[in-house]
Amino acid sequence: MNDSTEGSSPSDGRLPVVVVGAGAMGGEWIRMLARSPHAVPVGVVDLDVALATSTAASAGLDDVVVGASVAEVAERAGAEAVINVTVPQAHRVVNEQALRAGLPVLCEKPLAPTVAEALRQIALADVTGELLMVSQSRRYFNHLTAFRGAVGRLGPLATVNAQFFHADHEPGFRELMAHPLLVDMSIHHFDQLRYLTGDEPVAVRCSSWNPAWSWFAGDAAASAEFELASGARFVYAGSRCTPGLQTSWNADWRVYAEGGAAAWDGDDVVRVEAEGVGIEIPDGREGIEGSLEEFVSALRSGTTPQNEVRANVLSLAMVEGAIRSSERGGERVVVAELLEESLAQAIADERSDDVAALLTSWNSAADGIATPAWGSAPATIASGGAR
């Protein structure tokens, strides 16, 4: 294992990257990258250097640089980008280290625990001029793309329903979270709603709770109703501790509109009941492979990927709004108000003068997230092309 000598960029055109975080999800990324035609891992960073070494070795990577410092490992390895697969509370620290070192970042979800912190990261990315993209990997499923195409031909929407029921045991930080469903899983489904419909959240009412038999410390179940900009409603229900009749990890979806209805089981079954609306299944890379492909393509082409940090803020706002509503007894939470409160909090919390100055210059949070500062036209990549 290379822990002292400098690495070199690959000659086959693949993007050399450093993976930060060598735990379970980091291992999944490293194994995928080891066979990827788009990028190659040249370094692995973790505070537990022995873990970084063993995780890399288990993927057959005996010549990568390992260490505990993002900037140091990236420089020694000749990396051109960072894949941030750390635990959520470490995302901002790692992103800042990478962006300040001139390295674009593909960061695992959730980007941040609050919208305020996400706004600070938007400003940080703008100040450094580097791309910060969030890996909302559950956008990248071919059957979701087919479902989206059908939904787009149904006309005005009335109701979108999604149900997620699972019984998953993942010892570690997830089982200790205050809101393991809403923060760690529902973020995917809320983001899929935005990708699926092109509609944006206006307000939410939510209730969350923890069933008596739950092995989670926090609320593992929730139900929510979102008002969307079009006037439609998104009705969501989920649980991470339901042992029977489990759905797909992508949830089970129903869409009802003026021109008919469509459904997706979250896996490989898409159904449409609407005259003249067919189903076309693309053949693109899925999951984290699709996310990586779009990240690399955006860097090569200078286009704005669909999950550029700004685009992810409203998905986070859906999560934070749902949590606020639940903690206030189901009170209606208005997303626009949440965004402005978050901007004020972001300005109060920020300690870097350049980032604080940029945040202060925004007329509003909505203004600050309106136009990506990185890239040009939106990219259309694989199964997750921008709508």
Side-chain angles (χ1 to χ4, degrees), residues 109-112 114-119 121-122 133-134 136 138-140 144-145 147-162 182-183 186-206 222 224-236 250-251 253-258 262 264 304-325 331-343 346 362-373 375 377-380 384-387:
K109 62 81 205 168
L111 171 70
T114 64
V115 173
E117 187 165 311
L119 295 177
Q121 292 194 58
I122 288 174
M133 172 178 160
V134 183
Q136 290 285 174
R138 292 189 179 275
R139 284 191 178 207
Y140 301 88
L144 172 58
T145 303
F147 183 44
R148 179 176 181 245
V151 168
R153 298 178 63 192
L154 295 179
L157 303 179
T159 307
V160 180
N161 293 76
L182 290 171
V183 171
S186 300
I187 177 65
H188 279 304
H189 308 135
F190 295 169
D191 186 71
Q192 285 175 320
L193 175 280
R194 297 180 56 231
Y195 171 77
L196 174 67
T197 66
D199 221 340
E200 297 293 12
V202 172
V204 59
R205 296 182 188 274
C206 179
E225 179 180 310
F226 287 88
E227 301 167 31
L228 303 179
S230 68
R233 297 293 188 269
F234 173 47
V235 181
Y236 179 81
N250 289 318
W253 294 79
R254 299 286 188 279
V255 175
Y256 301 93
E258 182 179 29
W264 178 44
T304 304
Q306 62 178 310
N307 292 321
E308 191 266 344
V309 62
R310 280 172 166 76
N312 194 239
V313 169
L314 286 177
S315 296
L316 282 174
M318 292 178 75
V319 173
E320 188 168 340
I323 291 172
R324 283 193 185 190
S325 176
E331 173 186 315
R332 180 175 182 267
V333 173
V334 178
V335 172
E337 295 174 0
L338 184 156
L339 289 174
E340 296 315 312
E341 292 172 13
S342 297
L343 177 57
W362 292 354
N363 294 323
S364 65
D367 175 61
I369 66 176
T371 306
T380 301
R387 189 178 194 176

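Residue indices begin at 1 and follow the sequence shown. Since we're looking at a predicted model, the values are computed, not measured.
For the atom pair S315 OG and H189 NE2, the distance stands at 12.5 Å (nearest 0.5 Å). Atoms CZ and CD, on R205 and E331 in that order, are 8.5 Å from each other to the nearest 0.5 Å. With values rounded to the nearest 0.5 angstrom, K109 atom NZ is found 11.0 Å from N312 atom CG. To the nearest 0.5 Å, atoms CG (L228) and CE (M318) are separated by 6.5 Å. Note that CG of L196 and OG1 of T145 are 10.0 Å apart. Values are rounded to the nearest 0.5 Å. Here the straight-line distance linking atom CD of Q136 with atom CD of Q192 works out to 8.5 Å at 0.5 Å rounding.
Partners of E200 according to the side chain to side chain contact (heavy atoms under 4.5 Å, CB included) rule, which considers only residues two or more places apart in sequence or in another chain, are R194, L314. When the side chain to side chain contact (heavy atoms under 4.5 Å, CB included) test is applied to A229, the partners found at least two apart in sequence or on another chain are D199, V202. For A262, the side chain to side chain contact (heavy atoms under 4.5 Å, CB included) partners at least two apart in sequence or on another chain are F147, V151, L154, V272.
The minimum heavy-atom distance linking G368 with I122 is given by the pair O-CG2, 4.5 Å. Looking at every heavy atom in both residues, C206 comes nearest to A322 through CB-O, 3.3 Å. Taking both residues in full, the closest heavy atoms of L119 and A346 are given as CB-CB, 4.3 Å, listed atom of the first, atom of the second, then distance. Across all their heavy atoms, L316 and I187 have their closest contact at N-CD1, 4.0 Å. For the residue pair A224 and V204, the shortest heavy atom distance occurs at CB-CG2, 4.3 Å. Taking every heavy atom of both residues into account, L111 and A118 meet most closely at CD2-CB, 3.9 Å.
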Determine whether L182 and F190 satisfy the following criterion, side chain to side chain contact (heavy atoms under 4.5 Å, CB included), listing intermediate values before the conclusion. CA-CA 9 Å; L182 290 171; F190 295 169; 4.1 Å; yes
Determine, step by step, whether L193 and Y236 satisfy the side chain to side chain contact (heavy atoms under 4.5 Å, CB included) criterion, reporting the C-alpha distance in whole Å, the side-chain angles of both residues, the deciding distance to 0.1 Å, and the verdict. CA-CA 10 Å; L193 175 280; Y236 179 81; over 6 Å; no
Between V115 and V313, is a side chain to side chain contact (heavy atoms under 4.5 Å, CB included) present by the stated rule, with each step listed? CA-CA 7 Å; V115 173; V313 169; 4.1 Å; yes
Are N250 and H188 close enough, and set up right, to give a side chain to side chain contact (heavy atoms under 4.5 Å, CB included), and what steps lead you there? CA-CA 8 Å; N250 289 318; H188 279 304; over 6 Å; no
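Checking side-chain atoms of R332 against main-chain N and O of A203 turns up no donor-acceptor pair under 3.5 Å. Between the side chain of S325 and the main chain of G321, no donor-acceptor pair closer than 3.5 Å is present.
Ring orientation note: the planes of W253 and F234 are close to parallel, at an angle under 30° on the 30°/60° scale.
Under the 4.5 Å side-chain criterion, counting only non-hydrogen atoms from C-beta, E340 is in contact with L343.
Ionic pairing of D191 and R138 is not present here: no N-O contact between side-chain nitrogen and carboxylate oxygen is shorter than 4.0 angstrom. Salt-bridge annotation for R324 and E337: absent, with no side-chain N of the basic residue lying under 4.0 Å from a carboxylate O of the acidic one.
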